Peer 1: 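So that we are looking at the same thing, I have put the structure below in structure tokens.
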Amino acid sequence: MNGAGLRRFGLGLIPWIGAILLWYAVRWSGFVNTSLIPAPHQVAAKFFELLTKEGLLIDIFASTRRVFLGVALGILVAVPVGFLLGWYRPARTFADPMINFFRALPPIALIPLVIVYFGVDELAKLVILFYASFFSGVIVMYEGVSQITPLYIRVAQTLGANQAEIFRKVIIPLTVPHILTALRVALGVAWATLVASELIAAQRGLGAMIQNASTYFLLDVIYVGIICIGLIALIMDLILRRITARLLVWQDRAIA
Amino acid sequence: MTKRAQFDKVSLSFGTPKGRLNVVEDVSYDINDGDFIAVIGPSGCGKTTMMSMLAGFQKPTTGKVLFDGRPVAGPGPERGVIFQEYGVFPWLTVKQNIAFGLTLRANHVPAAEREAICDHYLGLMGLSDFANSYPKHLSGGMRQRLAIARAYAVKPQFLLMDEPFGALDAQTRSNMQNLLLKVLETEGKTVMLITHSVEEAIYLASRIVVVTARPARIREIIDVPFPYPRDESVQERPEFGELRSHIRQLVMDEYRAQQAQMRPVSFSE
Ligand SMILES: Nc1ncnc2c1ncn2[C@@H]1O[C@H](COP(=O)(O)OP(=O)(O)OP(=O)(O)O)[C@@H](O)[C@H]1O
Ligand SMILES: [Mg+2]
């Protein structure tokens, strides 16, 4: 790591250290019953215990796989649908209210219905995550695609491009940034929906772990679960940002 | 003289929230093979709109725009366009931008020749050092030169240029003008050029179409008497000065008319 990288890393670390200190401070201040707040080191100890004895990795894997599949399927459908809606104005006027209606529904509210129609297995969780990522992704896609200016298409036409060439050489490069943004938004929403989807009688998974812990009032386990969800979401977002930076070197960004 | 392009009693109006806006009105003139037409008129009068009908992006409301005898149905590679907004592709490097047209099926450029053509235009436009840079690193003038290079590279027989040298400094501008004259001499093109510079119009064009304040009508069509090939010495000729003051006068009139139009109604009443 070079000097600037080290500095950025250090800067990024400061708020985390601050948060941990605050956590201890709240606990020691005496305002809150200490049995309600496990100390950071207790949570860390619990983390290693779960990791080595209780198969925390299996939970992490189960959750990550669900999010991954849900987002992949959701975006796979959201990209063409969002593209068509963004490209053809009439389609948008036609579908806009409906999409906003469904997007506004919190996935949790749909859980009873999903259980009725899809049972309580893996499929049901996938349906919820698919739902969440599709509707968040489709909006980002069509907002983005409808902003594409006709100028570049006109330029390509005057240079002799046919329909297929315009699509491949102009429209796809202009759509990639919006696909990446849709992915990032969908990932965020999917992690937020994960616990809800795992409320459906899941055996394993971080959401299930939190759910089970709450029945036995195991606060330290709940903390471990929450922190794991946050960390994995953060790592996925970082990876996606790296990929975005790679693919979109040409973009004029305010941030270096 | 074969007619390449014809404007035949062409009018165009846009529907706006405040009603119909007449932008081009009853314009008729022909562009013959080998002509160099310069269109000059005040800003916002309808020059780009006029050109975009010939480029194939806009249809006249009434009248006809013909290219090679047929009504213009859409854009095509035989009519190269240099857009006022450049339209340089931001996701491609400078070199890839120039190569864009060369890789299209319609232009039949063998892959082996593309490299050499790109290098040629990179050199001509002074962009060699930036061949692998993205447009975000270019200045306005460099983007404009890139747009010119990209259009020249596919060698269209007919060039539509919308203020192609507007963002360039005086020195580069005159280099680009001379380069255009040289390209015309060797490749024999027909050109329609929109410009705000009276000197540029006289130096380059064989005919100058002065258009009125909006809606653009034809104020006067002026033949430029200098034969091609031309060089900068024509600018010293007395006829050049006479033409210049005549056209300046016309443009000035129309500029004032356009200004009067733009003035908010609440001030005049
Ligand atoms: N698509 C459109 N819809 C409505 N009005 C338009 C449209 N395109 C152009 N106009 C209007 O038509 C008028 C002429 O525009 P145009 O771009 O042809 O001007 P111009 O002569 O090229 O000006 P400039 O020298 O500044 O480039 C302007 O008032 C503009 O607002
Ligand atoms: Mg214009």
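Keep in mind that this is a model prediction, so the values were computed, not measured. Order of the sequence lines sets the chain letters (A, B, ...), proteins ahead of strands, with each chain counted from 1.
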Peer 1: Give a yes or no on whether B:Lys155 atom NZ has more than 12 heavy-atom contacts from other residues, nucleotides or ligands under 6.0 Å away.
Peer 2: yes

Peer 1: Under 3.5 Å, is there a donor-acceptor pair between the side chain of B:Lys136 and the main chain of A:Gln251?
Peer 2: yes

Peer 1: Quick one: what part of A:Glu165 sits under 4.5 Å from any heavy atom of chain B, side chain, backbone, both or neither?
Peer 2: side chain

Peer 1: Sort B:Thr93 into side chain, backbone, both or neither according to what part of it lies under 4.5 angstrom from a heavy atom of chain A.
Peer 2: neither

Peer 1: From A:Thr158 OG1 over to B:Leu160 CG, what is the distance, rounded to the nearest 0.5 angstrom?
Peer 2: 9.0 Å

Peer 1: Evaluate the side-chain contact (heavy atoms from CB on, under 4.5 Å) criterion for residues B:Leu92 and A:Lys169: first the C-alpha distance (whole Å), next the side-chain angles of each, then the deciding distance (0.1 Å), finally the verdict.
Peer 2: CA-CA 10 Å; B:Leu92 298 179; A:Lys169 297 181 168 217; over 6 Å; no

Peer 1: Return the option, out of B:Arg105, B:His137, B:Glu78, with the maximum number of heavy-atom pairs under 4.5 Å with chain A.
Peer 2: B:Arg105

Peer 1: Can you tell me which portion of A:Val176 sits under 4.5 Å from chain B's heavy atoms? Options are side chain, backbone, both or neither.
Peer 2: neither

Peer 1: Please state whether the side chain, the backbone, both or neither of B:Val154 comes within less than 4.5 Å of a heavy atom of chain A.
Peer 2: side chain

Peer 1: Starting at CG of A:Leu159, measure out to CG of B:Asn107 and round the result to the nearest 0.5 Å.
Peer 2: 7.5 Å

Peer 1: B:Pro90 and A:Trp250: which non-hydrogen atoms are nearest, and at how many Å?
Peer 2: O-CB, 3.1 Å

Peer 1: Using 30° and 60° as the class boundaries, would you call the ring planes of B:Trp91 and A:Tyr152 parallel, tilted or perpendicular?
Peer 2: perpendicular

Peer 1: Tell me whether B:Phe14 at atom CZ has more than 12 heavy atoms from other residues, nucleotides or ligands lying less than 6.0 Å away.
Peer 2: yes

Peer 1: Please examine the side chains of A:Thr149 and B:Glu85, heavy atoms only from C-beta on, and report whether any two atoms are closer than 4.5 Å.
Peer 2: no

Peer 1: For B:Pro77 versus A:Gly160, what's the shortest heavy-atom pair and its separation?
Peer 2: CB-CA, 3.5 Å

Peer 1: With respect to chain A, which residue among B:Gly56, B:Pro75, B:Gly74 yields the maximal number of heavy-atom pairs within a distance under 4.5 Å?
Peer 2: B:Pro75

Peer 1: Give, for atom CD of B:Gln84 and atom CG of A:Leu151, the distance between the pair rounded to the nearest 0.5 Å.
Peer 2: 11.0 Å

Peer 1: Do the numbers put A:Arg154 on top of the ring of B:Phe57, so that NZ or CZ is under 6.0 Å from the six-membered ring centre and no more than 45° off the axis?
Peer 2: yes

Peer 1: Within the supplied structure, the quantity of interest is the number of heavy atoms (other residues, nucleotides, ligands) at a distance under 6.0 Å from A:Arg242 CZ; does it exceed 12?
Peer 2: no

Peer 1: Let me know if A:Leu248 has heavy atoms under 4.5 Å from chain B in its side chain, its backbone, both or neither.
Peer 2: neither

